[in-house]
Structures are given as structure tokens and as C-alpha cells.
Amino acid sequence: MTVAVVLFTSDLRLHDHPPLHAALAAADEVVPLFVLDDAVEAAGFGAPNRRAFLADCLRDLDAGLRERGGRLVVREGDVVEETGRIVTESGAGTVHMAAGVSAFAQRREERLREALSSTGCRLSVHDAVITAVAPGAVIPSGAGRDHFAVFTPYFRRWTEEGLRSPFRAPRTVRVPEGPASAALPSREGVKGLSPGLAEGGETEGRRVFTAWRRNGLASYEELHDDLAGDATSRLSPHLHFGTLSPAEVVHRARDAGGPGAEAFVRQVCWRDFHHQVLAARPAAARSDYRTRQDRWRTGRAAETETAAWKEGRTGYPIVDAAMRQLLHEGWMHNRGRLLTASFLAKTLYVDWRAGARHFLDLLVDGDVANNQLNWQWVAGTGTDSRPNRVLNPVTQAKRYDPDGAYVRRWVPELSEVAGAAVHEPWKLPERERARYGYPEPVVGLPEGLARFKEARGLD
């Protein structure tokens, strides 16, 4: 009787799962394993919203396996030690897992390979599981170039790359009786959750995608930047936890066709782009990808302004609305992410790492590749070809929330202000402003722009 282990990480699904497909094809029995790794908590990446969403995902994965005659084995501790114990207990000859891109994931793979080699067990790492196209599969021509640093040429080559065909979910999963499992985690009792946190799990992810593909995909190109319209897919948490396959999502979007599908697939490509950058430059999770020799503001004033930004009390309604959505849902509209990040890094001129850390503390889709590299793109230290661009929050608000519906939804103290006037409450009569109790701007936009240009040495 041959046994294989499938180590689940950021791929918590049964549909289109190459490691599981390969294990079932080669072995008589399979141990589906997930390790609640102490190192994730120690590194500060175990944010409450993601812990709760992860619990949903694991419970749904276990339910799906039990429908197929199997079960999920959950262990707690060091991922390498616990995987080794499962190999010993089950007599497994191979461990299958998805390739990761972060420095943490790369070290995990190296440690696993080294530890398993002494037992005679083989580690099989599968590409294109957490991304549609594997990092490194598409590289620029020329010696010594291991990744694309500009999105447009990457997108062109990525589009030409053939995607693998998705695998169906298995009908049966036979799991050996021996390996014991810890209790499945639950979101009950997780403290500090955002009140509006979405539900996790493959079942929910497939339901959300199917409904949005039917009702929202066609209008995505036209509406995806409409803050009040909330017309984005909201699939990012499911892509982060791997309850949806990026390759399958791209195939199904392309099958639907049309400008909306094309625009959506481009966004999936952006996700792959950031993963291939981080795979090649893992240090970009914490260090400037392209340094601008920034002298970020520090001190009491900067700390006070950053605290106001986190609380949604900057005095700029569109910024505050987006930050309050983050606090309530553990998620934020993509346009909101861009303008709030620009406000912190460019208008307040505060280190992008402070903003990236706050986002990771709250975002249910807090992905190191996308979060850190999007922050760097906005801060001008990343892959943006226009590193000194500054997004004006008032201009952005009037363009993407023209009648102020998004602001009134999330900043209720301004709900009585009609139309676009809600975006510039400092222009209202003083008596009216006092009645709303909304703060004055933490900094004037001209002042913020001037100090940014001075710090960057711009004319």
C-alpha cells in the first residue's frame, strides 16, 4: 500500500489542485495535511481576520474531503517537524506541495527538502498552483534577467503563455487511518475581527465567482473603479487562500469573453506579476525594490497623522471612507487602496512599510506579494514607471465617487451633505462644519505636495 502526503498551504481547495491530483494518481492512499505553523504567528502574519477566514477554509476543505471518503489532518507546530512526523506515521514515500514565492515559503521548501531527504521521502513541488502562470515561466530575453520589472511587457508575454487545463475535483480520497488530527480551528473566539468579515471556504468562493461571472463580469471594465458601485469581483481573499484556482478563474473568464473579461484577466495578471517579482527578489517584502533615498517623516507629528489615517480621521472624506471600510470589512476597494496608500506615502510622506503593516494587520486578503509590492508601486519605490506621481484625493473622489455615495456610506457624520460637496467639507460654512463634527484636514494638499517634492529633490 503506497502513501503520499499532500501538504496544503495557500491552496485550500479540491478543484484544480495539481499536488492532490498527482498524489492520487501515484499512491493508493493520501494524507491531506495542513499545519498551523507557529512561525506564521511569530512573524506577525496571523492577523485575526485571516485566522478566522482560514478556519472557515479548513472546515470547508475537511467537509469536502469527508464527502469523498477522506478527511483533513490538522497539526500544530513547526511545519517541517509535523510533516516529518506524518511521513513517519504513514510510511509516505512522497510529499506533494505547491510552490510559494515569499522568502518564508522558499525557506520552508528548502527545510522540508533537507529534512525529508534523510528519511528517503521525496518532496515534489508543483508550479502554477497559487498563480495562473508559474513565476519564472515567463522571463525577459537577455542574459541575467530573471523577472520582468515592468508590467506591460510581462502582460504581453503572459497572455501568450498557454495555461494548463484545470483538474476536476477528485471523486474519492482514501486516507490511512493512522495519522491523528488536532481539532479544526473555528472563527468563534477569534478576537479583533472586523464586523463585516466575509465567509471563507472553497464552497463560498465558487459560489461568489459563479454569481459574479454571471452578473458582474460583463460590466467589470466599465464599473470596476466605481467606489460606490462595489462592482469588483471580491475574489481576492479566495485567491489568497487558494480556495479558487487562478488558472481556472482565467479559463472561465475567457470562456465568457468580452471587454469585462479581458479587463478582469488583466487584474489576475497583475497578481501573477507581483508574485514573479517577489519570487526573484524576496527582500522586496521589506526593502525598497528601487530605492529613492527617501527621508521618510518621523516624530510626533508624523505619528499623529498616521494614527488619524488608520482611524479614518484625516479630514479627507474619500480617504477616511476607504480606511473605515477596511476596519469594518477587513477588505477595501482596489481604488481605495491606491488613494489611501498615496495619501500616506506621498501626501503625508510616511514610510510605506507603516502602511503595508497596517494593511496586513487587517486585510483578509493580506498577501505579501500583492500588498507589499502594490504599496511600493504607489510609494514610488517599486515597479511604477512614474515613481513621483501623487494621487490627489479630492480629484480621485470626484472622478470615482462623483455623487459622494461611497463617502456617505462609510462616513455617516457627513451623510447630510449633498452631492460632490461632501468631498470638500472644509469649504462648507463654519457653523455647518461644527454641526457635523468632522475633523479638519491633517495637512493641506499643497503643503503635502511641496514637502514630498522637496524630499524627493523635485522642482
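Only heavy atoms go into these numbers, but all of them, side chains included; no hydrogens, no water, no symmetry mates. Note that the coordinates shown come from a computational prediction; the quantities given were computed from them, not determined experimentally.
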One thing to verify: whether [Y] and [X] come together as a salt bridge, which I'm taking to mean a side-chain N less than 4.0 angstrom from a carboxylate O.
{"X": "Arg206", "Y": "Glu248", "result": "yes"}
{"X": "Asp28", "Y": "Arg174", "result": "no"}
{"X": "Arg281", "Y": "Asp146", "result": "yes"}
{"X": "Glu82", "Y": "Arg85", "result": "yes"}
{"X": "Arg353", "Y": "Asp288", "result": "yes"}
{"X": "Glu262", "Y": "Arg266", "result": "no"}
{"X": "Arg71", "Y": "Asp62", "result": "no"}
{"X": "Glu114", "Y": "Arg111", "result": "no"}
{"X": "Asp16", "Y": "Arg168", "result": "no"}

Please examine the side chains of [Y] and [X], heavy atoms only from C-beta on, and report whether any two atoms are closer than 4.5 Å.
{"X": "Val411", "Y": "Arg324", "result": "yes"}
{"X": "Glu109", "Y": "Thr9", "result": "no"}
{"X": "Pro32", "Y": "Val175", "result": "yes"}
{"X": "Leu239", "Y": "Arg271", "result": "yes"}
{"X": "Leu7", "Y": "Val79", "result": "yes"}

- Within 45° of the six-membered ring axis of Trp331 and under 6.0 Å from that ring's centre, is NZ or CZ of Arg234 located there? yes

Would you confirm whether [X], through its side chain, and [Y], through its main-chain N or O, come within 3.5 Å as a donor-acceptor pair?
{"X": "Ser219", "Y": "Glu222", "result": "no"}
{"X": "Lys346", "Y": "Val378", "result": "yes"}
{"X": "Asp351", "Y": "Trp296", "result": "no"}
{"X": "Asp60", "Y": "Thr203", "result": "yes"}
{"X": "Glu221", "Y": "Gly260", "result": "no"}
{"X": "Arg157", "Y": "Pro153", "result": "no"}
{"X": "Arg187", "Y": "Phe53", "result": "no"}
{"X": "Glu329", "Y": "Ser194", "result": "no"}
{"X": "Arg68", "Y": "Gly64", "result": "yes"}
{"X": "His21", "Y": "His15", "result": "no"}

About how many Å separate [atom2] of [Y] and [atom1] of [X], when rounded to the nearest 0.5 Å?
{"X": "Glu202", "Y": "His17", "atom1": "CD", "atom2": "NE2", "result": "9.0 Å"}
{"X": "Leu54", "Y": "Arg59", "atom1": "CG", "atom2": "CZ", "result": "11.0 Å"}
{"X": "Phe8", "Y": "Met97", "atom1": "CZ", "atom2": "CE", "result": "12.0 Å"}
{"X": "Lys191", "Y": "Arg51", "atom1": "NZ", "atom2": "CZ", "result": "10.5 Å"}
{"X": "Leu112", "Y": "Cys121", "atom1": "CG", "atom2": "SG", "result": "9.5 Å"}
{"X": "Arg13", "Y": "Cys57", "atom1": "CZ", "atom2": "SG", "result": "11.5 Å"}

Locate the shortest heavy-atom distance separating [X] from [Y]; write the atom from each residue and the value.
{"X": "Ala128", "Y": "Ala134", "value": "N-CB, 3.8 Å"}
{"X": "Ser245", "Y": "Arg164", "value": "OG-NH2, 4.2 Å"}
{"X": "Ala26", "Y": "Thr2", "value": "O-OG1, 3.9 Å"}
{"X": "Met332", "Y": "Ala322", "value": "CE-O, 3.4 Å"}
{"X": "Ile86", "Y": "Pro179", "value": "CD1-CB, 3.8 Å"}
{"X": "Asn49", "Y": "Gly330", "value": "ND2-CA, 3.6 Å"}

- Query: Heavy-atom count around Glu160 CD within 6.0 Å, excluding the residue itself: above 12?
  - Reply: yes

- Between Gln325 and Tyr406: side-chain donor-acceptor atoms closer than 3.5 Å: yes

- Message: Under 3.5 Å, is there a donor on one side chain and an acceptor on the other for Asp272 and Trp158?
- Response: yes

- Task: With salt bridge (charged side-chain N to carboxylate O under 4.0 Å, His left out) as the test, would you mind laying out the steps for Glu89 and Arg75 before giving the verdict?
- Result: CA-CA 13 Å; Glu89 294 169 17; Arg75 293 292 176 93; 2.8 Å; yes

- Reference residue Ser236; test side chain to side chain donor-acceptor pair (under 3.5 Å); the match among Asp365, Asn334, Asp367, Asn370: Asp365

Below 6.0 angstrom between ring centroids: does that apply to [X] and [Y]?
{"X": "Trp270", "Y": "Phe151", "value": "yes"}
{"X": "Trp377", "Y": "Tyr289", "value": "no"}
{"X": "Phe343", "Y": "Tyr316", "value": "yes"}
{"X": "Phe148", "Y": "Phe273", "value": "no"}

- Apply ring-ring contact (aromatic ring centres under 6.0 Å, His included) to the pair His274 and Tyr154, showing each step before the final yes or no. CA-CA 11 Å; His274 286 142; Tyr154 175 79; 9.7 Å; no

